[in-house]
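Some notes on the structure that comes next.
Throughout, protein chains are lettered first and strands after them, A, B, ... in sequence-line order, and every chain is numbered starting at 1. Side chains are part of it too, since the values below use all heavy atoms of this structure and drop only hydrogens, waters and symmetry mates. Note that the structure is predicted; figures quoted are calculated from it, not measured.
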Number of protein chains: 2
Amino acid sequence: MMHATQSVQTITRKSLHHELVDRLQTLIINAELAPGSKVPEKVLCDQFGVSRTPLREALKVLASDGLVRLEPNRGAWVTQVTEEEVEEVFPVLGALEALSGELACKHITDPEIEEVRALHDQMMQSYENRDLDAYFSINQKIHRAILLAARNRTLTTSCQALSLRMQRARYLANMTEGRWYDAVQEHEKILEFLIARDGANLASTLLQHMDAKRASVVKWLQTREAATDVQ
Amino acid sequence: MMHATQSVQTITRKSLHHELVDRLQTLIINAELAPGSKVPEKVLCDQFGVSRTPLREALKVLASDGLVRLEPNRGAWVTQVTEEEVEEVFPVLGALEALSGELACKHITDPEIEEVRALHDQMMQSYENRDLDAYFSINQKIHRAILLAARNRTLTTSCQALSLRMQRARYLANMTEGRWYDAVQEHEKILEFLIARDGANLASTLLQHMDAKRASVVKWLQTREAATDVQ
DNA sequence: CAGCGTAATTTTGAATTCATAATTAAGTCA
DNA sequence: TGACTTAATTATGAATTCAAAATTACGCTG
């Protein structure tokens, strides 16, 4: 039985609101706060052992990032990942990842490339083992490593904010066997172009990769929507 | 004489914090809150006739947008536009504007094109009159019109957030006669490609336009920095 | 007992209060 | 006078309080 979890111990790191932004993000991404549901202010205050003030500050920030929606006098609601939103966010994310690829080729060091190669190999292992959770986790690390190699903090921040919004959907989206295979092929090319420091080709591969992801997520959302309609 | 300004009348629109985000953004962009200066919490509360709670909520949001920096136990400070930041933000803005151009060509209607053309003509008039303020203002409207024609709210939001951060710098940056001429030429091409609905060329022109702006702003910052050093 | 209107309760938004950290001012000693 | 210490003041971060709005519960009417 679980006992004395993190919920009990008081938060002290930097500022309360900053810590709370992180924690709430995690709760939302892991769907522990379900999409479309109301954010239970009081419950969370009790859970985190904080007053409403810093919690509400955090909610304002999350709202500006699009993770929650504030309804006047009705509180905060966890946003849904809609098809419309996916169709909007992925193209933007594609443009940013393409840029990150281009910049990464200019700035990445040999040890950093080695790091990506190692992650890539690990990811392939996860693919062989059909371990989707591990695959997703490593996949994200690869994209993040390229992003960091781009040496542009603004780009990193923007990308991550949008990524977060999609992460819920991507996490839930079971890829088809065919899509998974294609994604793996795309990643082979990504690694190849990164090693060659071929910015233009890496950029266009990443763009294409994102567009394929978009299509995959949309397809899954449509399936689910149809299922919900029948239900 | 001005009297009974906005500062007196109480704020009521939507939520206080949202209104305050807008107002503070304006103050920062117009440098009424000087870059590098401390955000005077109490003064602003008095000015707006609100308590510290909603003001501080707004500051958290502005901090996540990079307009202010929160120092633990030392309050909020208006961020400076540094050369480093400009070198980071403009490439990202370039990628996003390029995307907006591409999408705009797909979705823009004839009346919308007419609107841009009208703005363009107005801007040329401002150029002839050497009215920099009017030029900047119309310039922004053109970029915004293209952005809206892209039909992607996420893109709009992302672009505007980054634009805001640069606006202070751009507003202050006096263009050289030569740069101004070049910018006008670029805008001629932008209009041309938009009318032709030539997405690829519009995208690359906008990208180039942004890079030129970046260079111009950096140059100006360096001049100013040198001046400050001597001072 | 279904539908409507009213009262009690809960929740929200924002002001106020309070403890603590940071800054400023005052006082001490060389 | 000028550096250093310590006390007073102020500002910050967060909890608490309070008024207003929304939700729920209750009772009335047909």
Member of A/L162, A/I29, A/V81 meeting the side-chain contact (heavy atoms from CB on, under 4.5 Å) criterion with A/Q167:
A/I29

Please lay out, stage by stage, how B/M210 and B/R214 fare under the test side-chain contact (heavy atoms from CB on, under 4.5 Å).
CA-CA 6 Å; B/M210 274 293 144; B/R214 175 199 58 75; over 6 Å; no

Measure NZ/A/K42 against C1'/D/dA15 and give the value in whole Å, please.
15 Å

Provide, to the nearest angstrom, the distance between the CG atom belonging to B/D46 and the C1' atom belonging to C/dA15.
14 Å

Residue pairs passing the salt bridge (charged side-chain N to carboxylate O under 4.0 Å, His left out) test where at least one lies in residues 144-164 of chain A, sequence neighbours excluded:
A/E112-A/R151

Could you tell me the separation between the NE2 atom of B/H18 and the C1' atom of C/dA14, rounded to a whole number of Å?
17 Å

Gap between atoms NE2 and C1', on A/H17 and D/dA14 respectively (whole Å)
13 Å

Check the distance between C/dT11's P and A/L70's CG and give it to me in whole angstrom.
18 Å

Judged by atom type as modelled, is there a donor-acceptor pair below 3.5 Å linking the side chain of A/E102 to the main-chain atoms of A/A203?
no

Would one find more than 12 heavy atoms of other residues, nucleotides or ligands at under 6.0 Å from atom CD of A/E84?
no

Rounded to whole Å, how long is the line connecting atom CZ of B/F48 with atom C1' of C/dA14?
16 Å

N/O donor-acceptor pair under 3.5 Å between A/K38 side chain and A/R74 backbone:
yes

Reading 5' to 3' through nucleotides 17-23 of chain C, protein heavy-atom contacts under 4.0 Å coded B for base, S for sugar-phosphate only, - for none
----SSS

In whole angstrom, what separates A/E19's CD from D/dG13's P?
16 Å

Less than 4.0 angstrom between a side-chain N/O of A/K38 and OP1 or OP2 of D/dT23, yes or no?
no

Donor-acceptor pair, side chain of A/S100 and main chain of A/E97, under 3.5 angstrom
yes

Residue-level proximity of residues 53-62 of chain A to DNA chain D when a heavy atom falls under 4.0 Å:
A/T53, A/P54

Is it the case that the side chain of B/S137 and the backbone of B/D133 share a donor-acceptor pair, with hydrogens and angles ignored and the cut-off at 3.5 Å?
no

Using whole Å, what does the distance between atom C1' of nucleotide C/dA14 and atom CD of A/E41 come to?
12 Å

Main chain of A/A212, side chain of A/S216: is a donor-acceptor contact present, judged purely on distance under 3.5 Å?
no

